[in-house]
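Working notes, beginning with the structure itself.
Chain letters run A, B, ... following the sequence lines, proteins first, then strands; residues in each count from 1.
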There are 2 protein chains.
Amino acid sequence: MTTGIRHDEMRKRNRALVIAAVRRADQPSRTEIARLTGLSHSTISAIASDLIEEGIMREIGQGEAAPARRGRPQVALGLDPEAATVVCLHLSFNSLSAVLVDYCGRVIDTGTHHLSTLALSRQALLDAAVSAVREIACGREGFLRIAFAVQGITDAAGRQMLWSPITPHSDIAFGPELEAAFGVPVTVQNDCNMIAAALRWRNPERYRDNFIALLLSQGIGMGLMLNGQLFTGTHSSAGEFGHMIHRPDGALCRCGRRGCIEAYAGNYAIWRKAHGKSAMEKPIADIKAGEMEALAATARRGDGPARQAFREAAEAIGIGIGSLFALIDPAPVAMVGQGTAAFDILEPEIRAALAQTAGGQHADDVSFETWPDEVPFIQQGCAMTALTGLDWEVFGPGLRPGAGGRKPEDGRVVA
Amino acid sequence: MTTGIRHDEMRKRNRALVIAAVRRADQPSRTEIARLTGLSHSTISAIASDLIEEGIMREIGQGEAAPARRGRPQVALGLDPEAATVVCLHLSFNSLSAVLVDYCGRVIDTGTHHLSTLALSRQALLDAAVSAVREIACGREGFLRIAFAVQGITDAAGRQMLWSPITPHSDIAFGPELEAAFGVPVTVQNDCNMIAAALRWRNPERYRDNFIALLLSQGIGMGLMLNGQLFTGTHSSAGEFGHMIHRPDGALCRCGRRGCIEAYAGNYAIWRKAHGKSAMEKPIADIKAGEMEALAATARRGDGPARQAFREAAEAIGIGIGSLFALIDPAPVAMVGQGTAAFDILEPEIRAALAQTAGGQHADDVSFETWPDEVPFIQQGCAMTALTGLDWEVFGPGLRPGAGGRKPEDGRVVA
DNA sequence: TTCTTTTTTTCGAGGCTCGAAAAAATGAGC
DNA sequence: GCTCATTTTTTCGAGCCTCGAAAAAAAGAA
């Protein structure tokens, strides 16, 4: 907060706060909103009637579980699903999926396209994104946002994809391209960050201020929530857990460097090791889930190269988590993705490695949760990102006149 | 911002904002404050006259560099040095220093005590802190805060020291003890975090939102600024860069584990290696600066064990920075402390190691700044932490009546 | 039908920031 | 030395916003 608060801003923020409360809570009454926000009943009443009149919120009669108490019954409030729609895109290896979501977060329609991401030109990828949006939104009244999740590194501003294992091209400006095509704000974000956003949304009890989402699949991705905010770096989406160095001058990584965690724990690394190949052998782009499952089955049967491969993967992950914990303290970890299918093999070794690190002092206390399918998380993360963006940037401020206002100039105040 | 804004809060925050602007800028006029904060002249005028009346601010006549323009001359404003004083404590190996600072941040008095921290009992350490404060504040009107910097791990709440290499005792509750003794708020913080705070204060151009302060000395400490905020973990001060794993099952660290960065880059590690000792030999608590300087001189003369020791230290630091950059993106780095005396030897090797990592893609662009003496930074960081704490928590809110106000209850709104 | 209880709305009070205008304080020009 | 121009600071009324208290609304209980 480096800038002064003016009067209109107070209203805007309190409006946004009410919207956020309604989105979070399950059809709260005005009284409950007052309790959640700390604002007075009168204020909530005023803001609510504004929002209802503007078609952002609506009354939903008595809440389901009407407690049939005495007194005047509470009137449940909910966001108006027709207030807006948003489009979520998800680009991953050989696949591009689109989802249309209403203002309440309910899925209206979905569509998936298969394409050869490694072979497509830069322009073909951009075109594919545009036509996926066009197809899902076809004939429907205008959507207000696009949230685009990509498997790869994005820039911190959420404008483009900087690098991805799914295509040889870099710096693909999906943001500007889609904005030009549809005239709505677009955010481009790392898929793992969307997973983290979804986890927080689904289970704020467990995933609140500091937690880690690890995506175990061909590569190793991470979404990091610090102090309740998705962590991104100065330039990029950052959080490249998979490319922290596990063993200096170690195994060859997909990124071309050596010794990265991913070079031990990615699918290709496990496959390479289990098949007795050299650690310097060029990584394979895509190893099928079935093949990994077969390796896991072999490993479960007893010691051998497969078992050793998973052991090394677990060690890399465990030590990496330990180093991360040294930096940010132990925090809940969610493991997501196909790689979690072998988590029964990995877990003991991960814990053993973690226990050797400073961050893993209480390795037994660290709890892992696993989810084999990352796709629903990515989709929900995109949806909630786009919708809460609308809440705070569009419907909170509203479009009342006189919203100009001054901005403080350079040399901002540092607190 | 999970809670609604009420009217009085708006004033409080704008007041605090004005105070912050005056602290930041060099004796700004009301007009300049308006520009910096984005608030209107009328508001600044009103707030300024309040603050002056309350003895928090004062007019300082014309600013030094009076530009002698036409019009009514600006009236420079400054914080009233007599508005408050704060005490800064700094506990490190065998040393406890205290500084009394006025509300403008000027040092009023300093004092240093030598003590055998490794030998003292828990209570003796607590007593030493209390008497250091008593001595520095003796006879002077009451100070309003104590900021305590310790070499070691503190808890995230800033209440106590959890662990430190300077004493065998753990969980020493300096915060409660000092608060009980003096009845003022106390914050206990990691010394490296204070270094980071000071860097930001001294050079916000370079050290603004994301940067790293590394303390190279007996051990390796880090202060991490992320998104303009000092990073602390959920439980502890975190940021234990020195205990990230450099080589699994590697050299013995002071913390009892193996392969930590510190076990290669701390003074004891360099000394151990340079003297041809085993990497598993028990670390030495304190190696004198002169001895390290001698080792560096030997290393400068040519290849040999000393040179190799510095080389391994640099590699550990470089790869560690690379892993950190993979997580948070490249950021400015400040190296502080006695260990920087050998930075001429370390730098090329650090850059070489960094260049091999994913985070060090543009290793040549990364800039390092070195400062051999960490003490002034720690002191200034403490002072600014205590003073800005006063600004926002005491003088901003003020003590006008009716400040009660409601608080939102549980189930806070998640944005 | 009346009383009790709870939710929601209404209404006036009090605060805050803002813009415009006035006041203050100086240099420039003659 | 006086007046005018220029810039800073203060004053003042308008417009919002939130708040508390009271009123209104909407039910169950008796």
Distance under 6.0 Å and angle within 45° of ring axis: B:Arg23 vs B:Tyr103: yes
So B:Gln27 and B:Val75, do their side chains get closer than 4.5 Å, heavy atoms only? no
Over how many whole Å does the gap from B:Met10 atom CE to D:dT18 atom C1' extend? 9 Å
Answer yes if the side chains of A:Ser40 and A:Thr43 hold a donor-acceptor pair under 3.5 Å, and no otherwise. yes
Just by modelled atom types, is the A:Ala48 backbone N or O under 3.5 Å from a matching donor or acceptor in the A:Arg30 side chain? no
Within the 4.5 Å heavy-atom criterion, are A:Ile108 and A:Val101 side-chain neighbours or not? no
Euclidean distance, atom CZ of residue B:Arg11 to atom C1' of D:dT18 [Å, nearest integer]: 16 Å
Nucleotide by nucleotide, nucleotides 23-30 of chain D touches protein heavy atoms under 4.0 Å in the pattern (B base, S sugar-phosphate only, - none) -BBBBBS-
State whether B:Ser40 places a side-chain N or O below 4.0 Å from either non-bridging phosphate oxygen (OP1 or OP2) of C:dG19. no
Which of D:dT9, C:dT9, D:dC19 is nearest the side chain of B:Thr31? It is D:dT9
Output the rounded distance in Å from CD1 (A:Ile44) to C1' (C:dT10). 16 Å
Taking only side-chain nitrogens and oxygens of A:Ser45, does any of them come within less than 4.0 Å of OP1 or OP2 of C:dT8? no
Whole-Å distance, B:Gln74 CD to C:dG27 C1', equals 15 Å
Counting side-chain heavy atoms from C-beta on, which of C:dT17, C:dT9, D:dT10 comes nearest to A:Arg30? C:dT9
B:Asn210 side-chain N/O to B:Leu226 backbone N/O, donor-acceptor pair under 3.5 Å: no
Those residues that, when tested against A:Asp155, pass side chain to side chain contact (heavy atoms under 4.5 Å, CB included) (two or more places apart): A:Ala157, A:Arg159, A:Gln160, A:Leu162
It should be established whether B:Asn14 places a side-chain nitrogen or oxygen under 4.0 Å from OP1 or OP2 of nucleotide C:dT17. yes
Nearest whole Å is fine: how far is D:dT9 C1' from B:Met57 CE? 13 Å
A:Lys12 atom NZ is separated from D:dC17 atom P, nearest whole Å, by 10 Å
Taking the six-membered ring of A:Trp201, is the NZ or CZ of A:Arg24 close enough (under 6.0 Å from the centre) and on axis enough (within 45°)? yes
If we ignore hydrogens and angles and just use 3.5 Å, is the side chain of A:Arg58 paired with the main-chain N or O of A:Asp80 as donor and acceptor? no
A:Arg35 has an atom CZ; how far is it from atom C1' of C:dT8, in whole Å? 17 Å
Find the distance B:Leu51:CG to D:dT9:P and express it as a whole number of Å. 15 Å
Detail all sub-3.5 Å separations between protein N/O atoms and N/O atoms belonging to nucleotides 12-14 of chain D.
none

